[in-house]
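Comments concern the structure below.
For clarity, every value in this text was computed on a predicted model and none was experimentally measured. Atom set for the values below is all heavy atoms of this structure, side chains included, hydrogens, waters and symmetry mates excluded. In what follows, chains carry the letters A, B, and so on, assigned in the order in which the sequence lines appear, proteins first and then strands, with residues in each chain numbered from 1.
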Amino acid sequence: MTNFKRYTLTAALPYANGPLHIGHIAGAYLPADTYARYLRLRGEDVAFICGSDEHGVAITLGSRKEGVTPRAFVDKYHQLMKKAFEDFGISFDIYSRTSNPVHYETAQEFFRTIYDKDLFIEETSDQYYDEQEGIFLADRYIIGTCPNCSNPNAYGDQCEKCGTSLSPKQLINPRSTVSGNTPVLKPTKHWYFPLDKFEGWLKEWLIEGHKDWKTNVYGQCKSWLDQGLQPRSITRDLDWGIPVPLPDANGKVLYVWFDAPIGYISATKEWKPNDWQKYWKDPETRLIHFIGKDNIVFHCIIFPAMLKAAGEYILPDNVPANEFLNLEGEKLSTSRNHAVWLHEYLQDLPGRRDELRYVLTSISPETKDADFTWKDYQQKVNSEMVSILGNFVNRVMVLTWKYFDGKVPSEHELPGTDDRRKRVLSLYTQAHADLDKAVKDMADALKNFRFREAQFQMLNLSRIGNKFLADTEPWKLAKEDMEAVGCILNYALTIVGNIALAMEPFLPDGAASICKQLNSDLKQSRKNFWEKEAMVHIVPQGHSLGKAELLYRNVEDTEIEKQTERLKKHQPVVQAAAIDNPVKPLKSEIVFDDFAKLDIRIGTVTAAEKMEKSNKLLKLRVDDGLGGRTILSGIALHYTPEEMIGKQVTFIANLAPRKMMGTESQGMILMAEDKDGKLKLVSPINEVSSGSQVS
RNA sequence: GGCGCGGUAGCUCAGGUGGUUAGAGCGUUGGAUUCAUAACCCAAAGGUCGGGGGUUCAACUCCCCCCCGCGCUACCA
């Protein structure tokens, strides 16, 4: 890593449609911040870049819901997030936003550069159009039944319930969220980025060239590349976003996924208007993206391909993506309000920034999903931060005040004239070796993005310090050999100072507190520490210490109870919200003839089996009074084949047959969708003969 | 269904080109101690390394099958 001259670190641009929660922090911002702090301490040239991602349909949707303009909407969340980051102490060099003019210029220029190379594909295709509103419906404006999990309110680009990405045409019963009407397909022109043309290059660069990436990252990229890439549309019909900078592109904007990563570049421009290029175009700059796993493909495949297409830009050297964080055993959920919001945490637990940093780093989802629980938070704070770290610092301070009135005692070597002193010396030698190793291990872990381990080694310094005190027992020696006590405490203070230095990337507030107690900014020591990656000298003999202060306080039961209560309370709110809007808007009116076209009948299921190779389809044999027919139905997640047999079902008898998974389905079973997305059979209350018509 | 990542002590995690009694921290239990925020220090208990087969003198580590978690991907007329 020494052959890079500078670093560009990016943390995923948070989407400006809601506040930040601890999952965001643990996934990207905290590891990025820790790394950025570490690099700066080493004296590296660092650009730590982030900003709000403010385009896309979810923003327009959200603003509509709140009855404000998109601009006002993103202003609100941008300010909220920016402040939360600041208050929490994430040390971005710049926190920008994609609605800035400089970003508009940069993104448009980026588009033009690739456009001028004639790389884009221009294509007209059918998209859903809301005739009543007279607008094309972006993916997010269309809801319908998710083909994957049957969630009745899946969006056109993704089902929030099962997380599957979708395209609007996959939705069953698509509806416009603007008018509630069923949209129609209408042609519109869009530009596509030819990802497929970069497949060969990506395989070379990524699969061959970056075997050093984390296995979860590398594995997912390989999976994508093996499946083959396709051109991706990079424009949308929308009035909120960056206009496509072409004459024949009225009403078209850049797709948010295209413009967002460019936001890293424009933010750098905003930060260093005259000097930004070296952070993006100099091969001696190391570009690192900190993201959560949901962003892997965009940062490892799509954005690099974009950068490559534009030319001149450097490519990410590493993308240390984290997995997800759960909360009390369940997924974090914005809509269900199952989350610890950063701004709420900072308000409820003021002065406890380090505590959250410590706990989130200690459970950092580096290799698999992790779980945050308040009980665990309390335990880690109390038994590790308070008992081991804070207590060690405190006892050294108190001892020094007690025996030496707050003046740093002897820094001379202790002459080993008797057995007792020889023992102290040997304990010192052992401690010193252990400490050096811990510092080295910590630095190595930091270099490799293993923050959990790095922080563990940091804490190890206190463990070794505690042992050193317990073994040398200065409070006993004080009765007989004050010279020895002075040497012991001098070294203990050295450990305390080195702990402060080691804490700086992880626990900046505590580090500052120790500096204050040591009455020193540790400026010179700091430089040596990160250069040598070993224990360094801290303060000279005779130096006056500040007053002893407790570094961290225990978390009381009542404090975490308040938090867990808050989580429980959130859930009813959620249900209320769901009840608020459980019923879909009415479809547009039809005439009797429309209804009469449908031939709805009751049939009896005579046989049922799971479709091979499908986890949603059941293959049903239905007695329709006409010799029976085969109907495939996507209900395998709701009914087992066994319980279907003998049931009476309602089905559309004159629907055109459709082949699925190699089998023809001759009709459609009617199901009621409960508000939780569960499907329930629609059956006559009393049994009727098979083939009875419904009218 | 296909693909990817993961499944190691109560909890959070290490580990290994296969090789003596599988490691750490926290928690628990016992002991010691008092400088310290009932903290620290020592010790112990605690694991058939997801399950089953196979390769091997030897597998937790390699191969095959299966189960579970998470994610990506396909099928709900």
To the nearest Å, give me how far apart [atom1] ([X]) and [atom2] ([N]) are.
X	N	atom1	atom2	answer
A/Lys293	B/G69	NZ	C1'	10 Å
A/Arg452	B/A14	CZ	C1'	9 Å
A/Asp369	B/G4	CG	P	18 Å
A/Asn216	B/C3	CG	P	19 Å
A/Asp226	B/A74	CG	P	16 Å
A/Lys214	B/C5	NZ	P	13 Å
A/Gln230	B/U73	CD	C1'	11 Å
A/Asp294	B/G4	CG	C1'	16 Å

So, OP1 or OP2 of B/G25: does either fall under 4.0 Å of a side-chain N or O from A/Ser362?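 It does not, given that no N or O in the side chain of A/Ser362 lies less than 4.0 Å from OP1 or OP2 of B/G25.
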Under 4.0 Å: is that the gap between some side-chain N or O of A/Lys368 and OP1 or OP2 of B/G4?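 Indeed not, no polar side-chain atom of A/Lys368 lies that close.
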Could you name each residue pair satisfying ring pair (Phe, Tyr, Trp, His ring centres under 6.0 Å) that touches residues 205-227 of chain A, not counting sequence neighbours?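 Matches after skipping sequence neighbours: A/Trp201-A/Trp205, A/Trp205-A/His210, A/Trp205-A/Trp213, A/His210-A/Trp213.
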Using atom [atom1] in both nucleotides, what's the gap between [N] and [M] to the nearest angstrom?
N	M	atom1	result
B/G27	B/C66	C1'	34 Å
B/G30	B/A22	P	27 Å
B/G51	B/C67	P	15 Å
B/A36	B/C49	C1'	39 Å
B/G4	B/C63	P	13 Å
B/A58	B/U17	C1'	15 Å
B/G10	B/U48	P	8 Å
B/A59	B/G18	C1'	6 Å

Just grab all the side-chain hydrogen bond (donor to acceptor under 3.5 Å, both in side chains) pairs involving residues 489-499 of chain A, residues at least two apart or on different chains.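 For residues 489-499 of chain A: A/His432-A/Tyr491.
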Per-nt protein contacts along nucleotides 31-40 of chain B (heavy atom under 4.0 Å; B base, S backbone sugar-phosphate only, - none) come out as ---SBBB-SS
Could I get the full list of ring pair (Phe, Tyr, Trp, His ring centres under 6.0 Å) partners for A/Phe193, not counting sequence neighbours?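 Only A/Phe198 meet the ring pair (Phe, Tyr, Trp, His ring centres under 6.0 Å) criterion with A/Phe193.
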Closest-nucleotide 5' rank along RNA chain B - winner of A/Lys222 and A/Gly667: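 Checking each residue's closest nucleotide, the 5'-ward one belongs to A/Lys222.
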By side chain to side chain contact (heavy atoms under 4.5 Å, CB included) - contacts of A/His21 (at least two apart):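 Residues passing side chain to side chain contact (heavy atoms under 4.5 Å, CB included) with A/His21: A/His24, A/Leu332, A/Thr334, A/Ala339, A/Trp341.
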Sequence neighbours left out, what pairs pass salt bridge (charged side-chain N to carboxylate O under 4.0 Å, His left out) with at least one residue falling in [range]?
range	value
residues 216-233 of chain A	A/Lys222-A/Asp226
residues 388-407 of chain A	none
residues 476-487 of chain A	A/Arg420-A/Glu480, A/Arg421-A/Asp481, A/Arg421-A/Glu483, A/Glu473-A/Lys476

With the threshold set at 4.0 Å, does a side-chain nitrogen-carboxylate oxygen contact exist between A/Lys440 and A/Asp444?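 Counted as a salt bridge, because a side-chain N and a carboxylate O are separated by less than 4.0 Å.
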Secondary-structure stems for RNA chain B, with pairs counted as Watson-Crick or G-U when both distances are under 3.5 Å and runs at least 3 long: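 Stem list for RNA chain B: B:1-7 with B:67-73, B:10-13 with B:23-26, B:28-31 with B:41-44, B:50-54 with B:62-66.
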To check you understand the geometry: which heavy-atom pair defines the closest contact between A/Phe451 and A/Glu366, and what is its length?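 That closest heavy-atom pairing would be N-OE2, 3.0 Å.
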Just checking, any donor-acceptor pair under 3.5 angstrom between side chains of A/Asp557 and A/Gln378?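 On atom types as modelled, these side chains qualify, holding a pair under 3.5 Å.
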